[in-house]
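For reference, positions follow the sequence shown, starting with 1.
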Amino acid sequence: MLKPLAVYILAAIAEIAGCYSLWAVLKMGKSPLWLIPGALSLCAFAWLLTLIDTPAAGRAYAAYGAIYIAASIGWLWWVEKQRPDLWDLAGLMLCLAGSAVILFAPRPS
């Protein structure tokens, strides 16, 4: 079984790739055939999140949010060649802190 961080990272890559396919078709004039791997990628994203060991889907999705934002900033930098600015990084740090609260808060049994 994959560790939760690896699952979240793979899910983020799958979600961003799937969403980017629609962006490429609508904003960049790419062939609608780009939507086929995009749809498969979004299905993989949804399946990957089911691998998180938690009884509450909402908590898994909320914790995933910060990983998605981190992956989006990485996509911005590595794929789109746009260097993140101070505000991008500050926002990311706030999101990671929020995700840590969700993941590691003591909960009653």
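Every pair tested for ring-ring contact (aromatic ring centres under 6.0 Å, His included) that includes a residue from residues 81-109 fails, sequence neighbours excluded, so the list is empty.
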Could you pull out every donor-acceptor pair under 3.5 Å between side chains of residues 21-45 and any protein atom, sequence neighbours left out?
from	atom 1	to	atom 2	distance (Å)
Ser21	OG	Gly18	O	2.7
Ser31	OG	Leu33	N	3.0
Ser41	OG	Ala14	O	2.5

For a quick test of your reading: what N or O donor-acceptor pairs under 3.5 Å do the side chains of residues 55-81 make, sequence neighbours left out?
from	atom 1	to	atom 2	distance (Å)
Tyr64	OH	Glu15	OE1	2.4
Ser72	OG	Tyr68	O	2.9
Lys81	NZ	Trp78	O	2.9

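Between Tyr8 and Leu49 there is a side-chain heavy-atom pair separated by less than 4.5 Å. Looking at Leu92 and Leu96, their side chains come closer than 4.5 Å, going by heavy atoms from C-beta outward.
In the hydrophobic cluster analysis, where Ile, Leu, Val, Met, Phe, Trp and Tyr join through side-chain heavy atoms closer than 4.5 angstrom, Ile52 is grouped together with Ile16. Residues Leu5 and Leu51 share a hydrophobic cluster, clusters being chains of Ile/Leu/Val/Met/Phe/Trp/Tyr side chains in contact below 4.5 Å.
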